[in-house]
Amino acid sequence: MSTPQLDKTYSPHDVENRWYQRWIDGGLFHADPAHTGQPYSMVIPPPNVTGSLHVGHALNNTLQDILSRWRRMQGRNVLWMPGTDHAGIATQNVVERQLQAEGTSRETLGREAFLRRVWKWKEQSGGTIIGQLKKLGASCDWERERFTMDPGLSEAVREVFVRLHQDELLYRGERLINWCPRCLTALSDIEVEHEETTGKLYTIRYRLADDPTQCLLVATTRPETLFGDTAVAVHPEDDRFRHLIGKHVRLPLTDRAIRIVGDSILVDREFGTGAVKITPAHDFNDFEAGERHALKRIKILDLHAHLRLADSLADAAVAEAVENLPVAKARPKIEQLLTDQGFLEKSEPHKMALGKCYRCKTVVEPFLSDQWFVKIKPLAEPAIQVVEDGRVRIIPEAWKNNYLGWMRDIKDWCVSRQIWWGHQIPAWYCETCYGTPFLRRSSDGAPLIPSDAVAIVAKTMPDACPHGHRDALVQDPDVLDTWFSSALWPFSTLGWPKQTPELKAYYPTSTLVTGLDILFFWVARMIMMGLKFMGDVPFRDVYIHALVRDAEGQKMSKSKGNVIDPLHVMEQYGTDALRFTLAAMASPGRDVKLAEERIEGYRNFTNKIWNAARFLLMHLDGERVDVPPAQRSFPDRWILSRLNTAISTVTQELEQYRFDRASSAVYQFIWHEYCDKYIEMVKPALKDATSEQAKSTRQTLAETYETMMRLLHPFMPFITEEIWQTLPHAGASIVRSPFPTTRTDWESQEVEQEFALLEECRALMNQARAILGYPAGKKLHFRAHGKTSKVGSALRKHKFLIEYMENVEDLWIADTFEGSNPGGLLVLTGNSVQVRTSMEDADLQKAKDNVIKQNMLLQKEVARTQQKLSNPDFVAKAPPDVLSEHHERLKRESQIIQLFQEALGHIEVHTWDRKRHERS
RNA sequence: GGGCGGAUAGCUCAAUUGGGAGAGCGCUGCCCUUACAAGGCAGAGGUCACAGGUUCGAUCCCUGUUCCGCCUACCA
């Protein structure tokens, strides 16, 4: 029989493409709800359809793939559900930029044509990231790929919207919301990123209406909003200002007088001047203060956050100077005007948090408008409950409090977006009932639905309004927040609202793997919606992985130029190397700092694996005899026992989502136990290919390597499949072969202990070589002493192996440490083994230096141990085993020192001999 | 402002009931030994951030300090 041979270095490229295609062709990732295994399901965190793979995706999906492949091999009924989300704002931005480049705009095209255009773009470019996930080896069930705007998922969205509305958990109203003046849409609170910046704190004089010689000093960071002021607040218990409450001040630069009110909530007496201007239409706190004092709301900004002072009664000259300017440009002009007219008391630098749009980084404005909100408290309560009682586990647990804290303080969720790409809100309004046709926005012709128009919420357009009017129904032009549909992902992808076999088999899903950054955006909302509409949690475990940073710990960003492109890495080092690196570095609660050298290190690991396989195939020709483990050779029994431990460790660590420990365990085993030790040990046995020994060793080699490939497969799917296919194996693909399980007949404590003796012996021999300056290639004579006859006989049993591994000739073995050393040998002692060797050809001066150095180190340690043992408290209070360990240590160290002293004496004699010899 | 996490070898990180701190990468030396130089063998390298406390004994537990992250917040 002949086995195939492999190339000298592993070249990932062809291997990866070839096997991925075959896995797909074989339908190996396809999930069948009728499969008899216990279901194991995950939904992918849907990447933006506009996106392309970055390292964060690579980490996220590598971990999911490890879980999927591992569970699949364990025989579970695995579904890993893939797909993308429509990323409303981001996608619309992309297509709008294209239109802009073409000299047109979405308004010119009109809604329908624009949407056709986006769909076209999505069909062409939307698949990019999916292709990249496939390159990564993701074993998703691609036949089930979903998109948040698929018909089925859109139906789920409408169903949820209607039911939330029926349950009075959804309402429309005029509120202050976060507005992005560039995207021209509302944002939810968490779509605003806060960034610390240094601005200015301006102190402005507001003159009293009835005594213009007196003024109230008001502090603000936004002087341009004074045009929207409708009151000034002071603390009702502030003696400085209490007498002013109820009086009026003249608003600078305008022809208005505004009231002074007392407000203990809004005003912090310690801060600024103790007096605050109230701008209800442009500040969240002021909005609430405005409600408390029944203040008018004056809007002074338009959709683009340009000043519009028509309602503010601003001085004509002022209005002319700043009208239609963006805030950033208007502010310095206002500052100048205030200065010129003597209103500005002072301005000083001031640190503050500025809110920016998470999509485009434009400064967001609090903006008064009609929006749809989800009433969130009733949904949040059960979602808090399930995390508190552990029905949903958050791993690592440290994030649990983070989640709970946020959920307990959650605010209503603004779900309407003033864009076109997305799920258009299933609400209609009757113009006939309203009395007049709705106004249309001149920019895009979208209807402006008045606050008091009554919404008819339904899954499909109603034939008529409740009053029977048929011809003037207008659909709400807004679309829903993308996260609204993402929140349904764990059940909408399984067919809900239809009761499908998939839904039955795979919901609740088993695990969700995601990054911390979307814990609130997505995880929290899935839990709320899952509980509300499925009556059960959407997943049992949430594994939260860290952010990927660059080697310096900086967040990767295109502008910093420190982005590691996973596709480039895969091309250069192979996908398996990238995956393994990410898994190995995924320690919980810590950011992943990724440096390319680490990937290179694991590329080397793939090459090591590859070459070990080459070694196997070179020696696998010939008969293999399968004898019971207990009857196999010592190296065979040892590697089986170690393999057993590795299987147990990897499995346990994966169960606890310790990808880092699992991968380092498999790395350690393969490189340092299998390659460094085991393969070296079996070489002699394979020399005579026809021997009985060779036959059973070949069997062990094949069996262990094949098992090892299955153990490694979830981490490195490609190379393991490639090698596995060349080895004796059962089954068509490693993808569906069983994950290794432990076997009691493989484990042998006895063999492992014997091996430890060999290692001790070898280490001492190496140390002796180093001290005496003998090169590794030089054959030496050694004497090995066992501390007991049991150790001695173990050494005797493995005499040949020691000789072979350590390049030793005629090893002489004794059963005791006792016995004189008449030959002036160098003696080194370990716990159970002592080795002695000749110094004949050594570099004696070097040896002397080495021994003196070692001796000094040891003496320091002895002194420490002695000191501890001479402390009566220690002797009295330390536990007996610690005490005896210290005594033992002292004894051993003292012995070694004595032996070193002797060695020094011998070295002197040898040196002297050698000199005499040279002279004569 | 509040909360959480971190600080251990040159770098990145491990280390559970408190009893002489380990790995990978890097570095140094020797070796092209027929699986692998993307390799082998050996070695150097630590005040476990700082200061107190508890203890016979602290990298570990407690308190405080410094520095670095992250989350969160309406201090105009």
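Just so it is clear, the model here is predicted, and its values are computed rather than measured. Residue numbers begin at 1 in each chain, while the letters A, B, ... track the order of the sequences.
- Taking only side-chain nitrogens and oxygens, A:Lys8 comes nearer than 4.0 Å to OP1 or OP2 of B:C36.
- Remark on RNA chain B: of its neighbouring residues A:His350 and A:Trp406, the 5'-side contact belongs to A:Trp406, judged by nearest-heavy-atom nucleotide.
- Nucleic acid contact for A:Tyr602: none, since no nucleic acid atom lies under 4.0 Å from a heavy atom of the residue.
- Separating the P atom of B:C27 from that of B:A38 is a span of 13 Å, rounded to the nearest Å.
- In the set B:A42, B:A76, B:U12, the nucleotide with an atom closest to the side chain of A:Met585 is B:U12.
- Between A:Asn611 and A:Arg614, the side chains place a donor N or O and an acceptor N or O closer than 3.5 Å (distance only, hydrogens not considered).
- Across all strands, A:Phe520 comes closer than 4.0 Å only to sugar-phosphate atoms, never to a base (heavy-atom distances).
- Each of A:Glu195, A:Glu196, A:Glu365, A:Glu191 was scored for a salt bridge (Lys or Arg N to Asp or Glu O under 4.0 Å) with A:Lys356, with one residue passing: A:Glu195.
- Put simply, CZ on A:Arg598 is 9 Å from C1' on B:C11, counting in whole angstrom units.
- The CG atom of A:Leu582 sits 15 Å away from the C1' atom of B:C13 (whole-angstrom rounding).
- Among the protein residues, A:Ala612 comes within range of the nucleic acid bases, having at least one heavy atom under 4.0 Å from a base atom.
- Within the nucleic acid shown, A:Ile278 has no heavy atom closer than 4.0 Å to any nucleic acid atom.
- Using a 4.0 Å cutoff on non-hydrogen atoms, the parts of residues 218-229 of chain A near RNA chain B are A:Ala219, A:Thr220, A:Thr221, ordered by number.
- A distance of 5.5 Å separates CG of A:Leu686 from NE2 of A:His619, quoted to the nearest 0.5 Å.
- Residue A:Met352 places its side chain closer to B:A76 than to any other of B:A76, B:G19, B:C36.
- Considering only side-chain atoms of A:Ala353, the nucleotide from B:U12, B:A76, B:A73 that sits closest is B:A73.
- A:Glu600 comes within 4.0 angstrom of no nucleic acid atom, judged by non-hydrogen atoms across all strands.
- Secondary structure note: stems in RNA chain B built from 3 or more consecutive Watson-Crick or G-U wobble pairs under 3.5 Å occupy B:1-7 with B:66-72, B:10-13 with B:22-25, B:27-31 with B:39-43, B:49-53 with B:61-65.
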Checking ring pair (Phe, Tyr, Trp, His ring centres under 6.0 Å) for the pair A:His545/A:Phe659: CA distance, chi angles, key distance, verdict? CA-CA 10 Å; A:His545 62 251; A:Phe659 302 97; 9.3 Å; no
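- Listed by chain and residue number, A:Leu216, A:Val234, A:Asp238, A:Leu244 satisfy the side-chain contact (heavy atoms from CB on, under 4.5 Å) test with A:Phe241 (two or more places apart in sequence, or in another chain).
- Screening A:Asp229, A:Asp286, A:Asp263, A:Asp283 for a salt bridge (Lys or Arg N to Asp or Glu O under 4.0 Å) involving A:Lys277 leaves a single residue, A:Asp229.
- Nucleic acid contact for A:Gln767: none, since no nucleic acid atom lies under 4.0 Å from a heavy atom of the residue.
- Spacing between B:G5 and B:G43 at atom C1', rounded to whole Å, works out to 37 Å.
- Checking B:A42, B:A38, B:C36 against every side-chain atom of A:Ala770, the shortest atom distance belongs to B:A42.
- Across B:G24, B:A35, B:C36, the shortest atom-to-atom separation from the side chain of A:His619 is found for B:A35.
- Ring orientation note: the planes of A:Phe580 and A:Tyr602 are tilted relative to one another, at an angle of 30° to 60°.
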Per-nucleotide protein contact along nucleotides 52-62 of chain B, 5' to 3', at a 4.0 Å heavy-atom cut-off (B base, S sugar-phosphate only, - neither), is ----B------
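- Look at A:Trp671 and you'll find a side-chain N or O under 4.0 angstrom from OP1 or OP2 of B:G40.
- Counting any heavy atom pair closer than 4.0 Å across all strands shown, A:Lys683 reaches a base atom.
- Looking at residues 266-273 of chain A, you'll see A:Leu266, A:Val267, A:Asp268, A:Phe271 sit with a heavy atom under 4.0 Å from some atom of RNA chain B.
- Residues satisfying the side chain to side chain donor-acceptor pair (under 3.5 Å) criterion with A:Thr704, sequence neighbours excluded, are A:Tyr674.
- Under the 4.0 Å criterion applied to side-chain N and carboxylate O atoms, A:Asp841 and A:Lys778 are assigned as salt-bridge partners.
- With sequence neighbours left out, A:Glu680 forms a salt bridge (Lys or Arg N to Asp or Glu O under 4.0 Å) with A:Lys683.
- Of the candidates B:A38, B:A73, B:C71, the closest approach to any side-chain atom of A:Thr9 belongs to B:A38.
- Shown here are the side chain to side chain donor-acceptor pair (under 3.5 Å) partners of A:Glu806, two or more places apart in sequence or in another chain: A:Arg762.
- Residue order along RNA chain B, read from the 5' end via each residue's closest nucleotide, puts A:Phe605 first among A:Phe605 and A:Asn766.
- Judged as a side-chain contact (heavy atoms from CB on, under 4.5 Å), and not counting sequence neighbours, the contacts of A:Thr273 are A:Thr203, A:Leu217, A:Ala219, A:Ala275.
- The salt bridge (charged side-chain N to carboxylate O under 4.0 Å, His left out) contacts involving residues 872-883 of chain A comprise nothing, where partners must be two or more places apart or lie in separate chains.
- Per the geometry, CG belonging to A:Asp881 stands 13 Å off P belonging to B:U17, to the nearest Å.
- Rounded to whole angstrom, the span from the CG atom of A:Asp409 across to the C1' atom of B:G2 amounts to 12 Å.
- Residue-level contact check: A:Arg889 touches the bases, meaning some heavy atom is under 4.0 Å from a base atom.
- If you measure from atom NZ of A:Lys778 to atom P of B:C41, you get 22 Å, rounded to the nearest angstrom.
- Every residue was checked against the side chain to side chain donor-acceptor pair (under 3.5 Å) condition with A:Gln668, not counting sequence neighbours, and none meets it.
- The salt bridge (Lys or Arg N to Asp or Glu O under 4.0 Å) test applied to A:Arg259 returns no partner, not counting sequence neighbours.
- Atom-to-atom, CG of A:Leu617 to P of B:C36 comes out at 14 Å; the value is rounded to the nearest Å.
- Residue contacts for A:His282: at a heavy-atom cut-off of 4.0 Å it reaches no nucleic acid atom on any strand shown.
- A:Leu201 has its CG atom 7 Å from the P atom of B:A76, to the nearest Å.
- No contact: A:Gly199 has no heavy atom under 4.0 Å from any strand.
- The NE2-C1' distance, from A:His886 to B:G18, rounds to 13 Å in whole Å.
- Nucleotides B:U17 and B:C61 are separated by 12 Å at their C1' atoms, to the nearest Å.
- Among the atoms of the strands shown, none is found under 4.0 Å from any heavy atom of A:Lys277.
- Looking at the side chain of A:Asp676, the nearest of the listed nucleotides B:C41, B:A35, B:G19 is B:C41.
- The residues A:Glu335 and A:Arg331 are annotated as not salt-bridged, no charged nitrogen and carboxylate oxygen being separated by less than 4.0 angstrom.
- Heavy-atom minimum distance, A:Leu869 versus A:Leu890: CD1-CD2, 3.8 Å.
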